[in-house]
Amino acid sequence: MKRFTSVLVVASDEAATPALLETAVDLARRNGASVTLFDVLEPLSERRRFLRSSIGEIDLESLIAETRVGELQDLASRTTDYPIEVEIVFGTKFVEVIRRVVARGHDLVMASPEESKRRFGLAGASDTMHLLRKSPVPVWVDSGRRDQGPDVAVALGPIEPDHQHEALNISLLELASSLAARRGGSLHVIHAWRLEGESLLRSSRVGTSALAVDGLVDEARHEAAVGLKSLLDQVPTIEVPIVEHLEKGEAGDVISSVVDRVEPGVVVMGTLARAGLKGVIMGNTAERVLAGIDTSILAVKPPGFTSPVIQ
């Protein structure tokens, strides 16, 4: 069963951070993991950094950092009795978060959707979307909602005889099933299938009979079902009830529709584009789904992914 061992919590606004930290601590307790509360502040220019006063020169940047450390330590002590390490650095937020992950070996980043949460989904959440695209380890974006149940949904990508996609799908299933087991919920497995070019085949321009197209659709459905069973058979360690959602349609539409219906506490999905692994960004389906669902998200990169931040 997969478990996280070192969680990096990215502090954001005062309204979102306490709930995010509570979720992180709950996950850490279940996994026996360490927790670091981490914030990145905007650096001051040399001209603004040092102030002269009657008591001498004041390093304003250091004073700001000390104050912020105190605020986060106070927040941590008010939120939980779990041991929390607090650290502050200056720089660009998503860049410094990824550098910290690499330097300290964190295996999970947890963040909130920033102030853009006033909008639905993650549309406009710049730093969070940068982390989702570029973090070399899984990123959990917490919705902040406390009414979400224990179930976990996992959105599988293309089921193809392709090492990239297969490795990512297996990783998603292992991680999602482990998370569902620790939450005491069921695992909803989502996979979208369709017959490529069906609308064209049914048009008068092609002239294919409806019966023939229906047969091709049935073949596509059967192929998807066989592929999903084969994939599940490769993950024999799943110890929770599985609910399969093998549905016809565009992946983005299917994932959003199923998530709306079953209302899982967490959606686990991959962020793999077909352009290759090195410096990969999210594909259009992942971007669209992440911008349009209002639940906690755990986004996972494929094995072998190298962040463009650390190349």
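None of the values given here were measured: they were computed from a predicted structure.
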Visitor: Does S12 reach the main-chain N or O of S112 with its side chain, forming a donor-acceptor pair under 3.5 Å?
Guide: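 Judged by distance alone, no pair lies under 3.5 Å.
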Visitor: Can you get from V243 to V262 by hopping between Ile, Leu, Val, Met, Phe, Trp and Tyr side chains that sit under 4.5 Å apart?
Guide: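 No, because V243 and V262 fall into different hydrophobic clusters, even though each may have its own neighbours under 4.5 Å.
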Visitor: Using the rule that two of Ile, Leu, Val, Met, Phe, Trp, Tyr join whenever any of their side-chain heavy atoms come within less than 4.5 Å, decide whether I242 and L246 are in one cluster.
Guide: yes
Visitor: Under the criterion side-chain contact (heavy atoms from CB on, under 4.5 Å), I'd like the reasoning laid out for T17 against L37: C-alpha separation, chi angles, the key distance, then a yes or no.
Guide: CA-CA 9 Å; T17 302; L37 184 57; 4.2 Å; yes
Visitor: So do M110 and T23 actually touch side chain to side chain, heavy atoms under 4.5 Å?
Guide: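 A side-chain contact exists here, since the closest heavy-atom pair is under 4.5 Å.
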Visitor: Is it true that a side-chain atom of S177 and a backbone atom of L173 form a donor plus acceptor pair closer than 3.5 Å?
Guide: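 Here the side-chain-to-backbone pair exists.
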Visitor: Are P136 and I98 packed together at the side-chain level, in the sense that at least one heavy-atom pair is separated by less than 4.5 angstrom?
Guide: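 SC-SC contact between P136 and I98 confirmed.
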Visitor: How far apart are the closest heavy atoms of V109 and S135, and which atoms are they?
Guide: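 Shortest heavy-atom contact: CG2-OG, 4.2 Å.
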Visitor: Drop me the distance from L72's CG to E85's CD, to the nearest 0.5 angstrom.
Guide: 12.0 Å
Visitor: If you measure from OG on S62 to CD on E66, what distance do you get to the nearest 0.5 Å?
Guide: 6.5 Å
Visitor: Using modelled atom types only, decide if a donor and an acceptor are shared between the side chain of S256 and the backbone of G252 within a distance under 3.5 Å.
Guide: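 Present.
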Visitor: So does K229 pair up with E244, basic N to acidic O under 4.0 Å?
Guide: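 No, K229 and E244 are not salt-bridged.
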Visitor: Does one hydrophobic cluster hold both F90 and V86, with members joined at side-chain heavy-atom distances below 4.5 Å?
Guide: yes
Visitor: Going by heavy atoms in the side chains, are L156 and L168 under 4.5 Å from each other?
Guide: no
Visitor: Could you go step by step and tell me if T295 and V266 meet the side-chain contact (heavy atoms from CB on, under 4.5 Å) rule?
Guide: CA-CA 6 Å; T295 189; V266 185; over 6 Å; no
Visitor: For residues I190 and A153, report the shortest heavy-atom separation together with the two atoms involved.
Guide: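 Taking every non-hydrogen atom into account, CD1-CB, 4.0 Å.
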Visitor: Please check this pair: side chain of D107 against backbone of S6, looking for a donor-acceptor N/O pair closer than 3.5 Å.
Guide: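 Between the backbone of S6 and the side chain of D107 there is a qualifying donor-acceptor contact (under 3.5 Å).
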Visitor: Going hydrophobic residue to hydrophobic residue with side-chain gaps under 4.5 angstrom, can you get from L216 over to V206?
Guide: yes
Visitor: Any idea which heavy atoms bring L108 and P138 closest together, and the distance?
Guide: CD1-O, 3.5 Å
Visitor: Less than 4.0 angstrom from a charged side-chain N to a carboxylate O is my criterion; do R221 and D218 meet it?
Guide: yes
Visitor: Quick one, L20 and V9 - any side-chain contact, counting heavy atoms below 4.5 Å?
Guide: yes
Visitor: Are the side chains of V254 and E250 in contact, using a 4.5 Å heavy-atom criterion?
Guide: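 Not in contact.
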Visitor: Could you measure the distance from the OG atom of S203 to the CG atom of L200? Nearest 0.5 Å is fine.
Guide: 4.5 Å
Visitor: For a 4.5 angstrom cut-off between non-hydrogen side-chain atoms, does V141 reach L131?
Guide: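 When only atoms from C-beta onward are counted, L131 and V141 do not touch, as no gap falls below 4.5 Å.
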Visitor: Can you tell me how far the CD1 atom of I297 sits from the CG atom of D142, to the nearest 0.5 Å?
Guide: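 Reported to 0.5 Å precision, the distance equals 10.0 Å.
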Visitor: H245 vs H191, test: ring pair (Phe, Tyr, Trp, His ring centres under 6.0 Å). Steps then yes/no.
Guide: CA-CA 6 Å; H245 301 271; H191 180 62; over 10 Å; no
Visitor: Just do the salt bridge (charged side-chain N to carboxylate O under 4.0 Å, His left out) check on D151 and R183 with the steps written out, would you?
Guide: CA-CA 7 Å; D151 288 359; R183 291 170 62 90; over 6 Å; no
Visitor: Check the pair L44, I64 against side-chain contact (heavy atoms from CB on, under 4.5 Å), reporting the backbone distance first and the verdict last.
Guide: CA-CA 10 Å; L44 301 180; I64 291 172; 4.0 Å; yes
Visitor: Mark yes when over 12 heavy atoms from residues, nucleotides or ligands other than R261 sit less than 6.0 Å from its CZ; otherwise mark no.
Guide: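 Result for CZ/R261: enclosed.
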Visitor: Check for a donor-acceptor pair, side chain of T92 on one end and backbone N or O of V95 on the other, with a separation under 3.5 Å.
Guide: no
Visitor: Could you pull out the closest heavy-atom pair between F305 and R133, with the gap in Å?
Guide: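 Taking every non-hydrogen atom into account, CZ-O, 3.8 Å.
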Visitor: Heavy atoms only: give me the nearest F94-H130 pair and the separation to one decimal.
Guide: CG-CB, 3.5 Å
Visitor: Using modelled atom types only, decide if a donor and an acceptor are shared between the side chain of E247 and the backbone of A192 within a distance under 3.5 Å.
Guide: no
Visitor: Charged N to carboxylate O under 4.0 angstrom, R194 versus E198?
Guide: no
Visitor: Hey, could you give me the NE2/CH2 distance between H222 and W193, rounded to the nearest 0.5 Å?
Guide: 12.5 Å
Visitor: Starting from the C-alpha separation in whole Å, work towards a yes-or-no answer on side-chain contact (heavy atoms from CB on, under 4.5 Å) for R29 and T80.
Guide: CA-CA 11 Å; R29 287 188 195 277; T80 180; 3.5 Å; yes
Visitor: To the nearest 0.5 Å, how far apart are CG in D26 and CG in L21?
Guide: 11.5 Å
Visitor: Over all heavy atoms of both residues, which pair between A24 and V7 is shortest? Give the atoms and the distance, please.
Guide: CB-CG1, 4.4 Å
Visitor: Is a side-chain donor or acceptor of S307 paired with a backbone partner of V309 at a separation under 3.5 angstrom?
Guide: yes
Visitor: Taking side chain as C-beta onward, heavy atoms only, is L179 less than 4.5 Å from L27?
Guide: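 Answer yes - side chains close enough.
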Visitor: With no hydrogens and no angle check, is any side-chain donor or acceptor of S257 less than 3.5 Å from a backbone partner on D253?
Guide: no
Visitor: I'd like to know if the side chain of D39 and the backbone of I88 have a donor-acceptor N/O pair within less than 3.5 Å.
Guide: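 No, D39 side chain to I88 backbone: no donor-acceptor pair under 3.5 Å.
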Visitor: Could you check whether any side-chain heavy atom of V152 comes within less than 4.5 Å of a side-chain heavy atom of H188, counting everything from C-beta outward?
Guide: no
Visitor: Is the count of non-hydrogen atoms from other residues, nucleotides or ligands lying under 6.0 Å from Q234 atom CD greater than 12?
Guide: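 Buried by this count: over 12 neighbours within 6.0 Å.
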Visitor: I'd like to know if the side chain of S296 reaches the main chain of S143, judged simply by a donor and an acceptor atom lying under 3.5 Å from each other, with no hydrogens or angles considered.
Guide: yes
